[in-house]
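In what follows, a structure is listed as structure tokens, so that the remarks can point back to it.
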Amino acid sequence: MDYKNLANLIFPEAKEINYYEEKYPERNLKEGAIVTRIAPSPTGFIHIGGLYQGLIAKKLAKQTDGVFFIRIEDTDQKRQVENGTAEIINSLNKFGLNPDEGMINETESKGNYGPYKQSMRKEIYQSYAKYLIEQGKAYPCFCSPEEIEEIRQKQEAAKIRPGYYGVWAKCRNLSIEEMAKKIEAGEKYIIRFKSPGREDRKIKHHDLIKGNVDFPENDQDIVIIKADGLPTYHFAHAIDDHLMRTTHVIRGDEWLSSVPLHLQLFHELGFKAPKYAHIAPIMKNDNGNKRKLSKRKDPEAAVAYYVEMGIPKEAVNEYLLNIANSNFENWRRANKDASIDEFELQINKMSVSGALFDMVKLLDVGKTVISKFTAEEVYNQALEWAEIYDKDLAEVLKKDKEYALKVFGIERGNKKPRKDIAKWSDVRENIEYMYDEMFNSKKQEYNYQVISDKESIEKILKLYIEKYFNEDDDKQTWFDKIKELAGEMGYAKEVKEFKANPEKYKAHVGDVSTVLRVALTGRTNTPDMYEIMQILGKDRIRNRFQKADRD
RNA sequence: GGCCCCGUGGUCAAGAGGUUAAGACAUCGCCCUUUCACGGCGGAGACAUGGGUUCGAUUCCCGUCGGGGUCACCA
């Protein structure tokens with residue numbers, strides 16, 4: 001009995017690894033092209049950190065004319081969620097992270113290096129596991145979970161390093177005959193990697209982000225094939241990224257400490273190891289302590305949250321890029337209208353430690369991004385959002401697109417566009433006074449500020465609509481008339497004059513404007529009132545004035 | 001606890017053995033202005049700490065403290 005017999009006993013059906021090596025040849029890409037991937041587990045929704053990692057991976061691939069693909073890591077059957085794969089792909093697509101290869105829905109994929117779902121690659125992993133067994137680099141382990149637990153407790157009690165290694169690795173020294181006998185007797189087993197490492201030796205690793213890091217070698221005989229026949233992450237990573245010809249593994253830095261193991265695996269398998277870039281996680285301040293954004297505790301960890309809030313994908317991407325490379329902001333200032341695709345991400349400029357997530361800053365980016373949209377773009381995206389999250393608003397927008405475009409066009413497209421919409425869920429609040437159905441369905445607070453007596457307000461509104469308002473006036477004429485109105489009422493026509501002689505006047509033209517604004521919109525802050533009045537038209541202005549509370 | 005990583009304003013962060021230690025968000029003030037937002041100008045605000053090395057250290061080294069990650073038949 002030798003290793004080859006043992007391997008055959010365990011995996012009688014497995015193909016020779018040469019079959020796969022030939023089936024998935026080296027990619028024919030131009031010099032310097034990078035192959036990256038995003039490899040999520042289909043646990044339902046995608047984490048903002050996953051999006052961040054995907055964005056970086058995709059950018060790196062795209063800026064070198066490389067390949068970015070998606071692989072679904074579903075080797076943990078217990079954590080499966082129905083339609084989890086499709087949901088992740090949808091989320092990714094919503095943020096523009098469409099891969100070149102990989103799963104395109106729950107079951108189908110595109111690309112020549114598939115299958116791109118690990119549960120569909122079982123026989124591949126088994127072939128390589130068999131290959132390792134044949135070489136004496138892997139072995140079946142018959143220890144039960146209880147035995148493993150027992151070992152761990154002994155180690156803990158003795159205050160020594162826990163794990164399945166060295167003298168603790170009971171099954172590693174079983175003879176081939178003993179192993180075969182147990183298998184033939186039907187004993188349950190899993191497959192472990194026979195680590196050649198020694199804890200007292202160091203390995204050097206150069207990480208693209210973290211720089212040079214030294215670790216003790218791995219000496220743990222980790223499991224590579226679980227009881228259900230599927231591989232563990234570590235083994236699948238080595239096999240898949242080799243066979244899919246990944247050149248750069250971009251992943252969260254929770255994997256950094258597994259690098260010694262992974263390098264060892266690649267080496268023993270006879271593979272060339274990829275380059276690694278370990279990204280610092282996005283953190284959150286929790287009562288003074290930093291911690292990773294958690295799916296369970298933090299709603300903002302799930303990308304669905306941003307979709308629901310209606311933060312445009314451009315804003316999320318820009319914010320993330322900003323965390324990734326802080327020179328992005330400078331680039332953006334110098335290239336105001338450029339697509340973010342033109343920004344060249346430098347992996348070595350990424351921060352080695354995790355940034356606190358800053359919602360305020362994200363929203364600021366959102367304001368700037370939306371301020372640059374055309375009215376048409378605002379309309380389309382706001383409507384798309386409203387169709388799902390604010391049906392009434394969607395109805396209103398759809399009823400008269402031309403009108404909506406006028407509303408969204410107020411103070412837009414000029415040098416200093418307004419920045420009052422940070423996310424689509426702000427839209428209603430920002431435009432509801434332009435729509436009678438929304439305006440009237442809500443109790444308005446009329447706060448006239450300086451000029452607050454009923455008679456004066458009454459008089460201003462009456463004079464304005466009957467004597468001064470003319471739909472055909474240009475903006476200057478329009479405003480001159482408000483000044484005249486102020487004069488007629490005995491208020492200062494110029495603010496400067498008022499400030500110079502505060503004792504002479506009770507109020508000034510600005511206060512008159514405020515009265516008009518409040519009566520018209522129910523609020524003290526609005527964009528340019530001339531444009532608002534132009535859009536509303538005389539009848540509606542009169543109507544609003546009539547309905548407005550005077551006190 | 002072992003191993004690994006990190007420590008510049010409230011946040012994200014540039015940066016170098018000698019600098020007035022950038023910039024952005026937030027904050028405060030002023031200006032612009034019919035309001036608000038925008039924009040412009042200005043203010044306040046930082047090198048965790050103790051030892052070395054050095055003419056000089058926030059920068060290099062060591063310790064301390066603090067933070068984070070990881071130690072599964074989860075990824």
Side-chain angles (χ1 to χ4, degrees), chain A residues 39-41 43 73-76 78-79 118 141 143-145 148-149 152 156 159-164 188-192 199 205 207 210-211 213-216 220 222-228 230-234 236-237 251-260 278 280-281 283 285 288-292 319 322-323 325-330 332-333 349 351-365 367-368 371 411 414-421 449 479 482-483 486 494-495 508-518 521 523-530:
Chain A
S41 294
T43 52
E73 311 226 314
D74 61 342
T75 55
D76 186 356
K78 296 183 291 289
R79 294 207 306 178
Q118 291 180 331
C141 168
C143 295
S144 66
I148 298 290
E149 174 60 22
R152 218 208 76 233
E156 209 164 273
K159 289 195 199 295
I160 54 177
R161 200 160 49 92
Y164 203 82
K188 286 206 185 321
Y189 62 93
I190 45 94
I191 309 295
R192 283 185 188 273
E199 212 250 350
H205 163 61
D207 193 86
K210 304 280 180 183
V213 192
D214 293 354
F215 290 102
Q220 300 274 346
I222 58 121
V223 355
I224 57 176
I225 301 288
K226 302 184 282 186
D228 59 7
L230 285 167
T232 53
Y233 170 85
H234 309 291
H237 155 55
R251 73 212 322 190
D253 70 4
E254 68 269 25
W255 292 113
L256 186 63
S257 58
S258 301
V259 163
H278 288 94
M283 317 284 282
N285 190 324
N289 285 336
K290 261 187 171 183
R291 52 153 240 258
K292 254 168 95 168
Y319 174 68
N322 189 35
I323 290 183
N325 271 187
S326 63
N327 57 320
F328 173 78
E329 280 186 321
N330 288 332
R332 173 47 89 204
R333 223 170 311 137
K349 282 198 172 175
S351 176
V352 287
S353 53
L356 239 32
F357 181 80
D358 187 347
M359 183 60 88
V360 175
K361 180 118 186 179
L362 203 212
L363 258 19
D364 180 74
V365 175
K367 280 184 189 174
T368 305
S371 77
E411 289 188 64
N414 50 14
K415 271 217 166 63
K416 292 194 271 179
R418 291 193 69 79
K419 289 189 176 178
D420 41 18
I421 301 174
Q449 313 274 48
F479 191 51
I482 293 180
K483 287 181 179 176
E494 306 288 344
V495 178
H508 59 75
V509 62
D511 301 318
V512 174
S513 288
T514 299
V515 170
L516 296 174
R517 173 176 282 112
V518 170
T521 66
R523 58 196 72 196
T524 51
N525 312 335
T526 73
D528 184 56
M529 194 160 50
Y530 172 72

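Small disclaimer: the values here were computed from a predicted structure and weren't measured. A, B, ... follow the sequence lines: proteins, then strands. Residue 1 opens every chain.
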Item checked: Gap in Å between the two P atoms, one belonging to B:C65 and one to B:A26, rounded -> 38 Å
Checklist line | Separation between the P atoms of B:C36 and B:G29, rounded to whole Å | finding: 13 Å
Check: Is the shortest side-chain N to carboxylate O distance from A:Glu254 to A:Lys292 below 4.0 Å?
Finding: yes
Checklist line | Flag, side chain of A:Thr75 to backbone of A:Leu230, donor-acceptor distance under 3.5 Å | finding: no
Item checked: With A:Asp207 via salt bridge (charged side-chain N to carboxylate O under 4.0 Å, His left out) - residues at least two apart -> none
Notebook entry, point to check: For A:Tyr530, what residues pass the ring pair (Phe, Tyr, Trp, His ring centres under 6.0 Å) criterion, not counting sequence neighbours?
Noted result: A:Trp478
Next item on the list: Answer with base, sugar-phosphate or nothing: what part of the nucleic acid does A:Ser513 contact at a heavy-atom distance below 4.0 Å?
Entry: base
Margin query: Taking B:U58 as the reference, what is the distance to B:G52 when you measure between their P atoms (whole Å, please)?
Written below: 13 Å
Check: What does A:Ser326 touch in the nucleic acid at a heavy-atom separation under 4.0 angstrom: a base, only the sugar-phosphate, or nothing?
Finding: sugar-phosphate
Check: Is A:Ile482 touching bases, backbone alone, or none of the nucleic acid, heavy atoms closer than 4.0 Å?
Finding: nothing
Next item on the list: Give one of base, sugar-phosphate or nothing for A:Ser41, where a contact means two heavy atoms less than 4.0 Å apart.
Entry: sugar-phosphate
Notebook entry, point to check: Base, sugar-phosphate alone, or nothing: which one does A:Ser371 contact when heavy atoms must sit under 4.0 Å apart?
Noted result: nothing
Note to self: Within the 4.0 Å heavy-atom criterion, would you say A:Arg333 contacts the bases, only the backbone, or no part of the nucleic acid?
What the structure shows: sugar-phosphate
Check: If you measure from the C1' atom in B:C28 to the same atom in B:U64, how many Å do you get, rounded?
Finding: 38 Å
Checklist line | Outermost RNA chain B nucleotides near chain A [under 4.0 Å, heavy atoms] | finding: B:C3 to B:A75
Next item on the list: Classify the nucleic acid contact of A:Pro40 as base, sugar-phosphate or nothing, counting any heavy atom under 4.0 Å across all strands shown.
Entry: nothing
Checklist line | Closest approach of A:Thr43 to A:Arg79 (non-hydrogen atoms, all atoms of both residues) | finding: CG2-O, 3.8 Å
Margin query: Suppose we screen for side-chain contact (heavy atoms from CB on, under 4.5 Å). Which residues come up paired with A:Arg161, at least two apart in sequence or across chains?
Written below: A:Tyr165, A:Glu199, A:Asp219, A:Gln220
Notebook entry, point to check: Mapping A:Phe215 and A:Gly354 onto RNA chain B by nearest heavy atom, which one lands closer to the 5' end?
Noted result: A:Phe215
Next item on the list: For A:Lys210 and A:Val352, work out which heavy atoms get closest and say how close.
Entry: NZ-O, 2.7 Å
Notebook entry, point to check: Under the salt bridge (charged side-chain N to carboxylate O under 4.0 Å, His left out) test, which residues partner A:Lys367, sequence neighbours left out?
Noted result: none
Notebook entry, point to check: RNA chain B: A:Tyr319 or A:Arg291, which has the more 5' nearest nucleotide?
Noted result: A:Tyr319
Next item on the list: Look at all strands and tell whether A:Asp228 reaches a base, only sugar-phosphate, or nothing, counting heavy atoms closer than 4.0 Å.
Entry: nothing
Next item on the list: Check salt bridge (charged side-chain N to carboxylate O under 4.0 Å, His left out) between A:Lys78 and all other residues, then give those that pass, not counting sequence neighbours.
Entry: A:Asp76
Next item on the list: For A:Arg161, report the nucleic acid contact type (base, sugar-phosphate, nothing); a contact means any heavy atom under 4.0 Å.
Entry: nothing
Notebook entry, point to check: Given the rule that a pair is Watson-Crick or G-U wobble with both distances under 3.5 Å, how would you write RNA chain B in dot-bracket, using | for pairs to a different strand?
Noted result: (((((((..(((.....[....))).(((((.......)))))....(((((..]....))))))))))))....
Next item on the list: Mind checking salt bridge (charged side-chain N to carboxylate O under 4.0 Å, His left out) for A:Arg251 and listing every partner two or more places apart, or none if nothing turns up?
Entry: none
Next item on the list: Could you measure between the two P atoms, the one in B:U59 and the one in B:U53, and give it in whole Å?
Entry: 15 Å
Notebook entry, point to check: Contact class for A:Thr43 (heavy atom, under 4.0 Å): base, sugar-phosphate, or nothing?
Noted result: nothing
Note to self: Give me the distance, rounded to whole Å, that separates B:A24 from B:G15 when you measure between the C1' atoms they each carry.
What the structure shows: 16 Å
Note to self: Measuring only the P atom in each nucleotide, how far is B:A21 from B:C47? A whole number of Å is fine.
What the structure shows: 12 Å
Margin query: Say we look at B:G45 and B:G69: how far apart would their P atoms be, to the nearest angstrom?
Written below: 33 Å
Notebook entry, point to check: Which part of the nucleic acid, if any, lies within contact of A:Ala355, taking any heavy atom under 4.0 Å across all strands shown: a base, the sugar-phosphate backbone alone, or nothing?
Noted result: sugar-phosphate
Show me the donor-acceptor pairs within less than 3.5 Å that the side chains of residues 356-364 of chain A make with the rest of the protein, sequence neighbours left out.
unit_1	atom_1	unit_2	atom_2	d
A:Asp358	OD1	A:Val360	N	3.1
A:Asp358	OD1	A:Lys361	N	3.2
A:Lys361	NZ	A:Glu329	OE2	2.6

